*Asks:* 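Take a look at the following structure, please.
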Amino acid sequence: MNEPDCLFCKIVTGDITADVVYESDSCIGFRDINPQAPTHVLVIPREHVATINDLPQGGAPIVGNLFLAAKAIAAAEGIADEGYRTVVNCNRAAGQTVFHLHLHLLGGRDLDWPPG
Ligand code: 5GP
Ligand code: ZN
């Protein structure tokens, strides 16, 4: 299901353009408009889920498919062996700004830990 006012649903439907690097039946991956690393791809489910808190009880495949997509994108970007980070922000304190579940895939440089 798509939400009419959701930015990422509009990317799924093609109403808003994005630099898409990965597509499957369940998810798409596209480059972040404000990249924080040489590779910064957002992986989203095609179906609208606002946050981790909104995942249905049977939603394990939604999450699993996001990680399988991240694995494939990391390999395609050539960062799988060197290493990369996956991040899913949930709600205000974590800095979530787009309320359609998305996994950040960050790589191509050394990443600090702990995060800010
Ligand atoms: P959040 O802060 O919600 O975890 O991450 C949202 C991400 O979406 C941010 O990194 C932001 O740069 C990215 N973003 C926001 N609007 C757009 C857009 O229209 N296109 C793309 N490709 N990325 C976007
Ligand atoms: Zn959405």
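Only this structure's heavy atoms are used, side chains among them; waters, hydrogens and symmetry mates stay out. Keep in mind that what you see is a predicted model, and the values were worked out from it rather than measured. For ligands, and for the atoms within them, numbers begin at 1 and follow the listed sequence.
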*Asks:* Output yes when a side-chain donor or acceptor of Arg85 lies under 3.5 Å from a complementary backbone atom of Asp112, and no otherwise.
*Replies:*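 Side chain of Arg85 to backbone of Asp112: a pair is present.
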*Asks:* If you apply the rule side chain to side chain contact (heavy atoms under 4.5 Å, CB included), what do you find for Val49 with His100, and how did you get there?
*Replies:* CA-CA 5 Å; Val49 177; His100 180 128; over 6 Å; no
*Asks:* Do Leu55 and Leu66 land in one hydrophobic cluster if side-chain heavy atoms of ILVMFWY residues count as linked below 4.5 Å?
*Replies:*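 Cluster IDs for Leu55 and Leu66 match.
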*Asks:* Rounded to the nearest 0.5 Å, what separates atom CZ in Arg109 from atom NE2 in His40?
*Replies:*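 So the gap between those two atoms works out to 10.0 Å.
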*Asks:* Touching ligand 1 at all, Ala18? Heavy atoms, strictly under 4.0 Å?
*Replies:*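 It does not; every heavy atom stays at 4.0 Å or beyond.
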*Asks:* To 10°, measure the SG(Cys9)-the Zn ion (ligand 2)-SG(Cys6) angle for me.
*Replies:*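 Cys9 SG and Cys6 SG form an angle of 110° at the Zn ion (ligand 2).
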*Asks:* Kindly say whether Thr51 contributes a backbone atom to a donor-acceptor pair with the side chain of Asp54 at under 3.5 angstrom?
*Replies:*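 A pair under 3.5 Å: yes.
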*Asks:* Does any N or O in the side chain of Gln96 come within less than 3.5 Å of the main-chain N or O of Ala50, such that one atom is a donor and the other an acceptor?
*Replies:*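 Yes, Gln96 side chain to Ala50 backbone: donor-acceptor pair under 3.5 Å.
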*Asks:* From the options Thr97, Leu42, Leu7, select the one whose nearest heavy atom is closest to atom 8 (O) of ligand 1.
*Replies:*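 Minimum heavy-atom distance to atom 8 (O) of ligand 1 goes to Leu42.
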*Asks:* Which atoms from ligand 1 have a heavy atom of Asn34 less than 4.0 Å away?
*Replies:*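 Ligand 1 atoms under the 4.0 Å threshold to Asn34: 12 (O).
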*Asks:* Nearest to atom 10 (O) of ligand 1, what protein heavy atom do you find, and at what distance?
*Replies:*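 It is Asp32 OD2, 2.5 Å.
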*Asks:* Going by the order shown, which atoms of ligand 1 are within less than 4.0 Å of some heavy atom of Val98?
*Replies:*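 The list of qualifying atoms is 3 (O), 6 (C).
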*Asks:* Taking atom CG of Asn65 and atom CG of Leu103, what is their separation to the nearest 0.5 Å?
*Replies:*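 Reported to 0.5 Å precision, the distance equals 12.0 Å.
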*Asks:* Could you list who else is in Leu7's hydrophobic cluster, with ILVMFWY side chains joined at under 4.5 Å, directly or through other members?
*Replies:*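 Under the 4.5 Å side-chain rule, Leu7 groups with Phe8, Ile11, Val12, Ile16, Val20, Ile28, Phe30, Leu42, Ile44, Val98.
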*Asks:* Please determine which of Thr39, Val87, Ile79, Val41 meets the side chain to side chain contact (heavy atoms under 4.5 Å, CB included) test together with Leu106.
*Replies:*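 When Thr39, Val87, Ile79, Val41 are each tested with Leu106, the side chain to side chain contact (heavy atoms under 4.5 Å, CB included) holds only for Val87.
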*Asks:* With the threshold set at under 4.0 angstrom, would you say His104 reaches ligand 1 through any of its heavy atoms?
*Replies:*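 For ligand 1, residue contact (heavy atoms, under 4.0 Å) with His104 is present.
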*Asks:* Yes or no on side chain to side chain contact (heavy atoms under 4.5 Å, CB included) for Phe99 and Asn91, after CA distance, side-chain angles and deciding distance?
*Replies:* CA-CA 8 Å; Phe99 288 85; Asn91 279 341; 3.4 Å; yes
*Asks:* Tell me the contacting part of Val87 for ligand 1: side chain, backbone, both, or neither, using a 4.0 Å heavy-atom threshold, strictly below.
*Replies:*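 For Val87, no heavy atom sits under 4.0 Å from ligand 1.
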*Asks:* Which residue holds the protein heavy atom closest to atom 22 (N) of ligand 1, what is that atom called, and what is the gap in Å?
*Replies:*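 Among all protein heavy atoms, the one nearest atom 22 (N) of ligand 1 is Arg31 O, 2.9 Å.
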*Asks:* Specify the protein heavy atom at minimum distance from atom 1 (P) of ligand 1: its residue, its atom name, and the distance to 0.1 Å.
*Replies:*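 It is His102 NE2, 3.1 Å.
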*Asks:* Just to confirm my output: which protein heavy-atom neighbour is closest to atom 24 (C) of ligand 1, and how far is it?
*Replies:*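 Of every protein heavy atom, Ile33 CG2, 3.5 Å lies nearest to atom 24 (C) of ligand 1.
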*Asks:* Between the Zn ion (ligand 2) and His48, which N, O or S atom of the residue is the nearest one?
*Replies:*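 The His48 atom nearest to the Zn ion (ligand 2), restricting to N, O or S, is ND1.
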*Asks:* Looking at ligand 1, does Phe8 have a heavy atom less than 4.0 Å from it?
*Replies:*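 Yes.
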*Asks:* Looking at His100, which of its N, O or S atoms is the nearest one to the Zn ion (ligand 2)?
*Replies:*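 Considering only N, O and S atoms, His100 comes nearest to the Zn ion (ligand 2) through ND1.
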*Asks:* Suppose we measure from atom 2 (O) of ligand 1 to each protein heavy atom; which comes out shortest, and what is that distance?
*Replies:*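 In this structure, atom 2 (O) of ligand 1 has Gly95 O, 2.9 Å as its nearest protein heavy atom.
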